[in-house]
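In what follows, a single structure is set out as structure tokens and then discussed.
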Amino acid sequence: MKELTIAKNDAGQRLDRFLAKAVPLLPASLAQKYIRIKRIKRNNARCQRDDRLEAGDTLQLYINDEFFDTPREENAYLTVAAPKLNIVYEDEHILLVDKRPGVAVHPHDGAEYGRTLIDHVQAYLYQKREWNPRGEQAFTPALCNRIDRNTGGIVIAAKTAEALRVMNQKIKDRELDKRYLAIVEGAPKPARGALKGYLWKDAKKNRVFITDTPQAGAKSCETRYVTLASRNGLSLVECELITGRTHQIRAQFAHSGHPLLGDGKYGKLDKRFDRNYQALYSYKLTFRFATDAGALAYLDGKTFQVAGVDFVQEYFPDVKL
């Protein structure tokens with residue numbers, strides 16, 4: 001419990017507005033709940049959020065010590081009162097989350113404080129009491145893979161230090177089979193094949209470029225694909241990344257003359273279709289361990305898939321995934 005005394009300069013404020021400034025990590029909805037259940041008191045008595053504070057008042061705050069920390073990127077999860085996660089699978093070691101397009105996995109340059117996927121994952125585990133940040137020496141729940149903000153799909157979160165170590169190594173050794181769905185303009189020929197080339201990244205423009213021949217600073221890239229259906233000038237394709245380069249699927253299909261639907265960066269925005277994000281989804285994940293996986297060995301051979309993909313349901317509703 002911490003006790004705060006109201007000074008002259010703070011007098012006259014509503015209780016909830018004072019709390020927002022005095023304890024900025026405490027979400028407003030959670031503060032209201034704590035007032036209601038008497039974990040926040042005024043002069044050791046029940047109070048209301050719209051009470052006007054007077055000089056000399058004391059506030060008794062029966063809340064976790066973490067909320068009194070200085071706000072920073074590492075504790076942004078505390079500002080998430082109600083985590084929003086589409087959970088595909090969960091056990092004691094890992095959490096598979098279906099990230100929706102438009103959500104960033106990590107903050108960028110301090111932006112989106114409390115609104116990223118990692119913030120919601122950490123808030124979820126903290127509120128379930130599966131993670132006690134003050135009881136850990138170093139470990140923090142972390143994401144093992146990333147997906148672009150405007151791409152949806154399965155993201156792996158490690159709930160334990162061993163899971164993080166093993167999963168990072170498995171990803172590095174390419175012992176995970178990730179499949180993507182995309183809608184591209186036109187019909188790729190052949191209907192099943194591989195896109196090969198060389199990719200180099202312009203960090204300042206946050207975009208990549210594809211060439212057919214080796215170039216200085218470029219890395220080889222390969223995407224295998226199979227066309228699942230075609231109609232009305234569009235094709236639904238399933239993709240497998242043989243290499244895992246930045247924006248690889250988007251850039252390679254655009255280079256081949258079949259940009260992704262809704263991808264304004266690498267293609268053109270077709271006015272026939274109203275989409276805010278590119279039609280790309282990491283929809284299926286299979287664990288294929290070739291070496292010892294320690295505590296995660298039970299995952300070997302298991303496949304996980306999202307419940308549905310919006311653009312498939314909209315443009316190819318007859319295709320069964």
Side-chain donor/acceptor of E238 to backbone N/O of V226, under 3.5 Å: no

Test: D300 and K302 ion pair at under 4.0 Å: no

Residue pair D310, Y277: steps toward the side chain to side chain donor-acceptor pair (under 3.5 Å) verdict: CA-CA 11 Å; D310 63 340; Y277 313 115; over 6 Å; no

Exceeds 12 heavy-atom contacts within 6.0 angstrom, atom NZ of K128: yes

Salt bridge flag under 4.0 Å for residues R275 and D263: no

hydrophobic_cluster_shared for L25 and I63, side chain cutoff 4.5 Å: yes

Verdict with reasoning, R134 to D69, per salt bridge (Lys or Arg N to Asp or Glu O under 4.0 Å): CA-CA 11 Å; R134 291 191 176 261; D69 289 342; 2.7 Å; yes

Any donor-acceptor N/O pair, R46 side chain to R36 backbone, under 3.5 Å: yes

Y62 six-ring face occupied by R39 cation (under 6.0 Å, within 45°): no

Residues which pass salt bridge (Lys or Arg N to Asp or Glu O under 4.0 Å) with K219, listed by chain and number, not counting sequence neighbours: none

Cluster check I249, W200: I/L/V/M/F/W/Y, side chain < 4.5 angstrom: no

Euclidean distance, L96 CG relative to L299 CG, rounded to 0.5 Å: 8.0 Å

Chi angles and distances behind the side chain to side chain donor-acceptor pair (under 3.5 Å) call for E175, T291: CA-CA 9 Å; E175 296 181 25; T291 55; 3.1 Å; yes

Closest approach of C221 to I210 (non-hydrogen atoms, all atoms of both residues): SG-CD1, 4.0 Å

Atom pair OG (S282) and CZ (R179), whose distance is rounded to the nearest 0.5 Å: 11.0 Å

Exam field: side chain N75 to backbone R72, donor-acceptor pair closer than 3.5 Å: yes

Main-chain N/O of V80 paired with Q127 side-chain donor or acceptor, under 3.5 Å: yes

Salt bridge E130-K159, side-chain N to carboxylate O under 4.0 Å: yes

Donor-acceptor contact present, side-chain D119 to main-chain R115, <3.5 Å: yes

Flag, side chain of H247 to backbone of V208, donor-acceptor distance under 3.5 Å: no

same_hphob_cluster(I87, I118) at 4.5 Å side-chain heavy-atom cutoff: yes

N64-Y126 side chain donor-acceptor pair, cut-off 3.5 Å: yes

Contact check, side chains of T211 and F209, non-hydrogen atoms, under 4.5 Å: no

Nearest heavy atoms of D91 and Y298, plus distance in Å: OD2-OH, 2.5 Å

Audit row: R245, E222, salt bridge (Lys or Arg N to Asp or Glu O under 4.0 Å) steps and yes/no: CA-CA 9 Å; R245 313 298 185 199; E222 180 178 355; over 6 Å; no

Heavy-atom pair of closest approach, residues V319 and A229: CG2-CB, 3.9 Å

Min side-chain heavy-atom separation K21-Q13 under 4.5 Å: yes

Side-chain donor-acceptor pair present, T243, Q248, cut-off under 3.5 Å: yes

Residue list, salt bridge (Lys or Arg N to Asp or Glu O under 4.0 Å) with D318, at least two apart or on another chain: R231

Spacing of CD1 belonging to I183 relative to CD belonging to E314, to within rounding of 0.5 Å: 7.5 Å

Salt bridge (Lys or Arg N to Asp or Glu O under 4.0 Å) involving E54 - partner list, sequence neighbours excluded: none

Which atom of G267 lies closest to which atom of P259, heavy atoms considered: CA-CB, 3.6 Å

CZ-CD1 distance between R42 and I6, expressed to the nearest 0.5 angstrom: 8.5 Å

Y281 side chain reached by F311 side chain, heavy atoms, under 4.5 Å: yes

Derivation of the salt bridge (Lys or Arg N to Asp or Glu O under 4.0 Å) call for D202 and R207: CA-CA 6 Å; D202 186 329; R207 65 171 296 156; over 6 Å; no

Flag side-chain contact, heavy atom, 4.5 Å: I156 against L285: yes

Whether D51 side chain and Q48 backbone form a donor-acceptor pair below 3.5 Å: yes

Test log, rule salt bridge (Lys or Arg N to Asp or Glu O under 4.0 Å), inputs D10 and K8: CA-CA 5 Å; D10 293 320; K8 181 178 179 180; over 6 Å; no

Output field: ring centroids F253/Y266 closer than 6.0 Å: no

Value rounded to 0.5 Å, distance of CG in L15 from CG in D50: 9.0 Å

Inter-residue atom distance I147.CD1 - L143.CG, 0.5 Å rounding: 10.0 Å

Sub-4.5 Å side-chain heavy-atom contact between V312 and L181: yes

T151 backbone acceptor or donor facing D148 side chain under 3.5 Å: no

Path from L26 to I37 over hydrophobic side-chain contacts below 4.5 Å: yes

H255 and D212: CA distance, side-chain angles, deciding distance, side chain to side chain donor-acceptor pair (under 3.5 Å) verdict: CA-CA 9 Å; H255 182 71; D212 296 320; 3.0 Å; yes

Side chain to side chain, Y180 and L241, heavy atoms closer than 4.5 Å: yes

Within 6.0 angstrom of R14 CZ, more than 12 heavy atoms from elsewhere: yes

Residues H93 and T160: side-chain donor-acceptor under 3.5 angstrom: yes

hydrophobic_cluster_shared for L53 and I35, side chain cutoff 4.5 Å: yes

Side chain to side chain, R146 and V155, heavy atoms closer than 4.5 Å: no

is_close_aromatic(Y124, W131), centroid dist under 6.0 Å: no

Nearest heavy atoms of T223 and C239, plus distance in Å: CG2-CB, 4.0 Å

Nearest non-hydrogen partners of P188 and G186, listed with the distance: CD-O, 3.9 Å

Under 3.5 Å: donor-acceptor pair, side chain of R174, backbone of I242: yes

Option from K41, K38, E3 for which side chain to side chain donor-acceptor pair (under 3.5 Å) with Q60 holds: E3

Residue pair L228 / V237, side-chain heavy-atom distance below 4.5 Å: no

Geometric cation-pi criterion, K2 with F68: 6.0 Å, 45°: yes

